Amino acid sequence: MTSTSKSSITLRTFKKYQPRQIAKFVRAFFNGRIFIVGLGRLRVVEGKVVAYQHQQHEKMIRIVVSEINQTINELSASKRVPA
């Protein structure tokens, strides 16, 4: 039996919270989801990490999402070197 539903798959599971490593991965994959052991599942939307609705009130999740996205911005800025 085949399913025609659009269920998203987890792109990668990270065993440790390492913001730089996660940021590099997220930049390469524009949409999907990731799983960080000890923190849970997060969405990747347009190259940024986003918490699921039920997680948005958890302080630790907000800190993690903010830190990863800041690292993504820093990595992107380092690529843009003025001529």
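Just so it is clear, the model here is predicted, and its values are computed rather than measured.
- In terms of heavy-atom proximity, L39 sits nearest to M60 at CD2-CG, 3.9 Å.
- Under the 6.0 Å distance and 45° angle rule, R12 counts as a cation-pi partner of F25.
- Under the 4.5 Å side-chain heavy-atom criterion for ILVMFWY residues, a single connected hydrophobic cluster contains both F29 and I36.
- Nearest heavy atom pair, residue N31 against residue E46, reads OD1-N, 2.8 Å.
- The shortest distance between side-chain heavy atoms of F14 and V37 does not fall below 4.5 Å.
- Between the OG1 atom of T71 and the CZ atom of R27 there is a distance of 11.0 Å, given to the nearest 0.5 Å.
- Closest of all the heavy-atom pairs between A51 and L42 is CA-CD2, 4.0 Å.
- When the side-chain hydrogen bond (donor to acceptor under 3.5 Å, both in side chains) test is applied to K48, the partners found at least two apart in sequence or on another chain are N73.
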Validation: residues 63-70 side-chain donor-acceptor distances under 3.5 Å, sequence neighbours left out:
| residue | atom | partner | partner atom | Å |
| --- | --- | --- | --- | --- |
| E67 | OE1 | Y17 | OH | 2.7 |
| N69 | OD1 | V49 | N | 2.8 |
| N69 | ND2 | V49 | O | 2.9 |
| N69 | ND2 | V65 | O | 3.3 |
| Q70 | NE2 | E74 | OE2 | 3.3 |

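- Heavy atoms only, all atoms of each residue included: G32 and L11 are closest at CA-CD1, 3.9 Å.
- Separation of atoms CZ (R41) and OG1 (T13) is listed at 11.0 Å; rounding is to 0.5 Å.
- In this view, R62 and K59 satisfy the side-chain contact (heavy atoms from CB on, under 4.5 Å) rule, not counting sequence neighbours.
- Closest of all the heavy-atom pairs between L75 and K24 is CD1-CG, 3.8 Å.
- Clustering ILVMFWY residues whenever any of their side-chain heavy atoms sit less than 4.5 angstrom apart, transitively, puts V50 in a cluster other than the one holding Y52.
- Minimum interatomic distance between G47 and V26 (heavy atoms only, all atoms of both residues): O-CG1, 3.5 Å.
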